[in-house]
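To start, the structure under review is shown below, and the notes come after it.
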Protein chains: 2
Amino acid sequence: MTRRERKAQTRRTLIEAALCLIEGGGFAGLSLREVTRQAGVAPATFYRHFSDMEDLGLALIDEVGLMLRQLMRKARKRISETGSVTRTSVNVFMEFVQSNGNLFRLLLGERIGNTPSFRSALQAELNRFTEELTEDLERQAVRLKTSLGDPSIAAEAIVAVVFSAGVEALDTPGHRCQQLMERLILEIRMILTGAAVMAKKNQAKIE
Amino acid sequence: MTRRERKAQTRRTLIEAALCLIEGGGFAGLSLREVTRQAGVAPATFYRHFSDMEDLGLALIDEVGLMLRQLMRKARKRISETGSVTRTSVNVFMEFVQSNGNLFRLLLGERIGNTPSFRSALQAELNRFTEELTEDLERQAVRLKTSLGDPSIAAEAIVAVVFSAGVEALDTPGHRCQQLMERLILEIRMILTGAAVMAKKNQAKIE
DNA sequence: TATTTTAGTGAACAAGTGTTTACTAAATAA
DNA sequence: TTATTTAGTAAACACTTGTTCACTAAAATA
């Protein structure tokens, strides 16, 4: 096995270890030595891969970004198969929260955490997500020949509502998740119909 | 000065110290010694007031609850003076976020954090907030002789949207906060009109 | 082949951590 | 007044932490 591959491999081990440890205590209460211990590697080895814990954190945030993009892609694919937009999106989202819980915790925990570089990186990641949703909403509006006014506002509201439900889902036992999803779907529909109605009123005012 | 008063006073000092330190690094990365140092008190003194850091944390969470209740009361009072519900509420909320930033950080940071007892306590606090908002919405609907269907769903959505904006406001410079608030107001109106329209449709179906 | 690079190691460091101990001085109770 | 309770202290404890250092063994290069 080549040296680059080996290095990449232990790097991955470290990332996985950190991700695993986040589950039981956030990123803030997470020590370099814990990570190396969990990874089965000497403390000094850490410095061959990251200069800092903050550096590791930024690598984790890259993973979050990747996750969100995969999430979007998967949702779009399934929507084009099934048709029902909201319900399918919510389904995909909840599946992701269940299986990538730790990344999710990172995303929402460090958004308020101490480290400024984390906060801005994560906020940027979230903004990108909102933008993509905005574009989707725009396309949908064109397709259905309606208007949502400024779709970015609806998108922002939807993202807030969805992620809030995501947090709640993190420690909701599986069987009560269905309930949670039904509420979430209603909330999203509220926002969308509200946006449509308000857009129509504004249109009427202008004409 | 009586002994009880003295004790209560240093207890307060410890709480204030913790609150002050949270600003620069969340609750998780916060050591007992740091708190006592900031409070100007010997480390051992801590144990005369709290058994644990977790114990201190729970005391802080009580403060959060107090803050939220004050928030509600103040909003109601101002609403009865001015009339405009949404705009006034958002104003009051944002003022609170600006002046009680650290409590806010605690509320939203530890909702996902490591400590299970924190999570549940904070979720309970948030739920109480949502409930009160639900009742307010109900009263408003009666007064305006309209219906929002199940107002608890709209309330949940509004809370999500408002707190999400609160997080963003935490490190938004004052002059851009106005923009943020305008968006927030639009989002809330969306949810409310959406809820009203959907309730009307459902009503029509039943009749 | 011999030489250089380098991912990973183990030992050591100074500094910070939570917690317990016996102690003081002042407020309370007798 | 004398005796007791107690909020706060200083010192010590056994650990954990981040970081550096010289070192090894194996892969890459010459």
Side-chain angles (χ1 to χ4, degrees), chain A residues 1-61 106 109-110 113-118, chain B residues 1-61 106 109-110 113-118:
Chain A
M1 189 186 281
T2 150
R3 200 138 60 177
R4 258 226 277 268
E5 285 170 328
R6 271 211 178 289
K7 181 163 186 182
Q9 186 178 300
T10 58
R11 189 187 145 98
R12 196 96 266 289
T13 313
L14 284 168
I15 288 180
E16 299 285 353
L19 237 36
C20 165
L21 289 173
I22 279 177
E23 174 136 37
F27 185 85
L30 187 63
S31 74
L32 185 151
R33 284 182 115 104
E34 258 184 302
V35 174
T36 57
R37 213 179 303 134
Q38 170 83 17
V41 140
T45 304
F46 184 91
Y47 294 99
R48 301 282 183 207
H49 301 271
F50 307 101
S51 64
D52 236 13
M53 276 302 272
E54 187 170 332
D55 200 19
L56 206 207
L58 292 174
L60 292 182
I61 289 175
L106 186 76
E110 294 305 313
N114 42 356
T115 330
S117 60
F118 284 6
Chain B
M1 188 186 281
T2 153
R3 200 138 63 176
R4 255 226 279 270
E5 285 169 329
R6 270 211 179 289
K7 182 164 185 181
Q9 188 178 297
T10 57
R11 190 188 144 98
R12 196 95 268 287
T13 313
L14 284 168
I15 289 181
E16 299 285 355
L19 237 36
C20 165
L21 290 172
I22 278 178
E23 174 136 37
F27 185 85
L30 186 63
S31 75
L32 185 149
R33 285 183 116 104
E34 256 183 304
V35 174
T36 56
R37 212 179 303 134
Q38 168 83 16
V41 142
T45 303
F46 184 90
Y47 294 98
R48 301 279 182 210
H49 301 269
F50 307 101
S51 64
D52 236 12
M53 277 301 272
E54 187 170 332
D55 200 19
L56 207 208
L58 292 174
L60 292 182
I61 290 176
L106 185 77
E110 295 303 314
N114 43 355
T115 331
S117 60
F118 285 7

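Chain identifiers are assigned alphabetically (A, B, ...) following the order of the sequence lines, protein sequences preceding nucleic acid strands; residue numbering begins at 1 within each chain.
- Among the nucleotides C/dT9, C/dA7, D/dG18, the one closest to any side-chain atom of A/Arg33 is D/dG18.
- Phosphate contact (OP1/OP2 of C/dT19, side-chain N/O of B/Tyr47, threshold under 4.0 Å): present.
- One atom, CD of B/Gln9, and another, P of D/dG8, lie 9 Å apart when rounded to the nearest Å.
- Using a 4.0 Å heavy-atom cutoff across all strands shown, B/Thr45 reaches at least one base atom of the nucleic acid.
- Contacts of B/Phe46 with the nucleic acid, taken as non-hydrogen atoms under 4.0 Å apart, are absent.
- The phosphate of C/dG8 (OP1 or OP2) has no side-chain N or O of A/Arg11 nearer than 4.0 angstrom.
- The salt bridge (Lys or Arg N to Asp or Glu O under 4.0 Å) search around A/Glu23 returns A/Arg105, not counting sequence neighbours.
- Under 3.5 Å, the side chains of B/Ser117 and B/Glu54 contain a donor-acceptor pair of N or O atoms.
- Map B/Met53 and A/Thr10 each onto its nearest nucleotide of DNA chain C; the residue landing nearer the 5' end is A/Thr10.
- Side-chain atoms of A/Ser31 lie closest to D/dG18 of the nucleotides D/dA7, C/dG8, D/dG18.
- Within the structure, a side-chain polar atom (N or O) of B/Thr2 is placed less than 4.0 Å from OP1 or OP2 of C/dT28.
- Between A/Ala42 and A/Arg3, the residue whose closest nucleotide on DNA chain C is further toward the 5' end is A/Arg3.
- Within the 4.0 angstrom heavy-atom criterion, only backbone atoms of the sugar-phosphate kind lie near B/Arg37; the bases stay farther away.
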